[in-house]
Amino acid sequence: MASGTCFIQSSSLSYALLPFLYRRTTLLSTNLRQLHSFSSKSLTTKSPLMKVFAQARRFSPKQVEIASTDDILFESPLKIVKYPDPILRAGNKRIGTFDENLKKLVFEMFDIMYKTDGIGLSAPQVGMNIRLMVFNPAGERGVGEEIVLINPRVQKYSRKMVLFDEGCLSFPGIYAGVQRPESVKVDAQDITGENFSVDLSRLPARVFQHEFDHLQGTLFFDRMTEEVVDSIREELQALEKKYEDRTGFPSPEKIGTSKARKVVTGFGRS
Ligand SMILES: CSCC[C@H](NC=O)C(=O)N[C@@H](C)C(=O)N[C@@H](CO)C(=O)O
Ligand SMILES: [Fe+2]
């Protein structure tokens, strides 16, 4: 999609746009009905207004903003952003420009990943709110395979879930159990902008999912059960305190002792 295109979230559609949207979704639904023989049940909704919203949600492409050149500018050397910095919770823009600057960023991300004993790294973890991740499950330059995924989307994931003790470079020294699907099928773009698909399982699937979560603003403890969070609660609070001491601002989030925390499941939209 062209840079500068204005996207509108279906959830925030103004009523002024409804007539236009209704025409568009009606056309789309007619075409899709012919193409895919939708069941009458899937097209039945309770009111015309609900129908417009339901169809808009089903047919509209994902409305993630495209990064500008400024969004991809970075300062060397890169530094790892630590919890609870709000950068880790911010939205991440899709990348539309595949140039030398992007290649340099990827090289420097691998560099800091290896230096900090990582096996994967997402752009928001180095302060860049864009949809880019790098990983190498071998964790060493020149060993294993370096994988770069730009604007990744999860196509499929296995029902089989696996529990594994994960660590995150944004939570130094903290490890705890996270359940994730054993394998995933991913669509993405490479460093030249070329589309590709890849099937990942075991550790590569785990690292991909951990980094993909970062691109969605999800952190590994969001997926942990309350019992598991209890085992690292004090360490999380220590990071929150460190952030407050360093910045002079209150921590933007607190793990506290609340039981209201909702464990994240699934992948959300990308
Ligand atoms: C298992 S997914 C972990 C991915 C994570 N990426 C970014 O936060 C990461 O690299 N975490 C490291 C702490 C890590 O897992 N390092 C390896 C190799 O040293 C380890 O076994 O601790
Ligand atoms: Fe992480």
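Quick caveat, the model's predicted, so the values are computed rather than measured. In each ligand, atom 1 is the first atom listed, and ligand 1 is the first ligand listed.
Below 3.5 Å of separation, one finds no N or O of Leu121 facing any N or O of ligand 1. Distances between N or O atoms of Gly120 and those of ligand 1 include at least one value under 3.5 Å. Polar contact with ligand 1: present for Gln125 (N/O pair, distance under 3.5 Å). Ligand 1 has no nitrogen or oxygen under 3.5 angstrom from a nitrogen or oxygen of Arg206. For the pair Val207 and ligand 1, the shortest N or O to N or O distance does not fall below 3.5 Å. Polar contact with ligand 1: present for Ile119 (N/O pair, distance under 3.5 Å).
Within 4.0 Å of atom 10 (O) of ligand 1, at least one protein heavy atom is present.
In the model, Asp190 has a side-chain atom that pairs as donor or acceptor with a side-chain atom of Thr192 under 3.5 Å. At a cut-off of 3.5 Å, with distance as the only test, a side-chain donor of Asp187 or Gln155 sits close to an acceptor on the other residue.
The closest approach between Phe171 and ligand 1 stays at or above 4.0 Å for every heavy atom of the residue.
How far CG of Leu169 is from CD1 of Ile112: 8.5 Å, rounded to the nearest 0.5 Å. Considering CD of Gln179 and CG of Leu163, their distance stands at 5.5 Å, rounded to 0.5 Å. Distance CD/Glu145 to CD1/Ile147: 4.5 Å, rounded to 0.5 Å. Taken from OG in Ser201 to CZ in Arg206, the straight-line distance is 12.5 Å, to the nearest 0.5 Å.
Ligand 1 places these atoms under 4.0 Å from at least one heavy atom of Asp117: 12 (C), 14 (C), 16 (N), 17 (C), 18 (C), 19 (O). Here is the list of ligand 1 atoms found below 4.0 Å of a heavy atom in Tyr175: 13 (C), 20 (C), 22 (O). Per-residue contacts place Gly118 under 4.0 angstrom from the following atoms of ligand 1 (heavy atoms of the residue considered): 10 (O).
Clustering ILVMFWY residues whenever any of their side-chain heavy atoms sit less than 4.5 angstrom apart, transitively, puts Ile191 in the very cluster that holds Met128.
When side chains are defined from C-beta on, Arg233 counts as touching Gln237, because their heavy atoms get closer than 4.5 Å.
Taking the charged nitrogens against the carboxylate oxygens, Asp222 and Arg89 do have a contact shorter than 4.0 Å, which makes a salt bridge. Note on Lys103 versus Glu100: salt bridge recorded, some NZ/NE/NH1/NH2 to OD/OE distance being below 4.0 Å.
Residue, atom and distance of the protein heavy atom nearest to atom 3 (C) of ligand 1 are Gly167 O, 3.4 Å.
The part of Glu211 lying near ligand 1 is the side chain, judged by heavy-atom distances below 4.0 Å.
Pairs engaging residues 154-196 under the ring-ring contact (aromatic ring centres under 6.0 Å, His included) rule: Tyr83-Phe171, Tyr157-Phe267, Phe171-Phe220, Phe171-Phe221 [sequence neighbours left out].
Each protein N, O or S atom less than 2.8 Å from the Fe ion (ligand 2) was counted, giving 3.
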Quiz item: Given the rule in the side-chain contact (heavy atoms from CB on, under 4.5 Å) test, do Phe107 and Glu146 qualify, once you have shown the distances and angles that lead to the verdict?
Solution: CA-CA 10 Å; Phe107 181 85; Glu146 289 190 340; over 6 Å; no
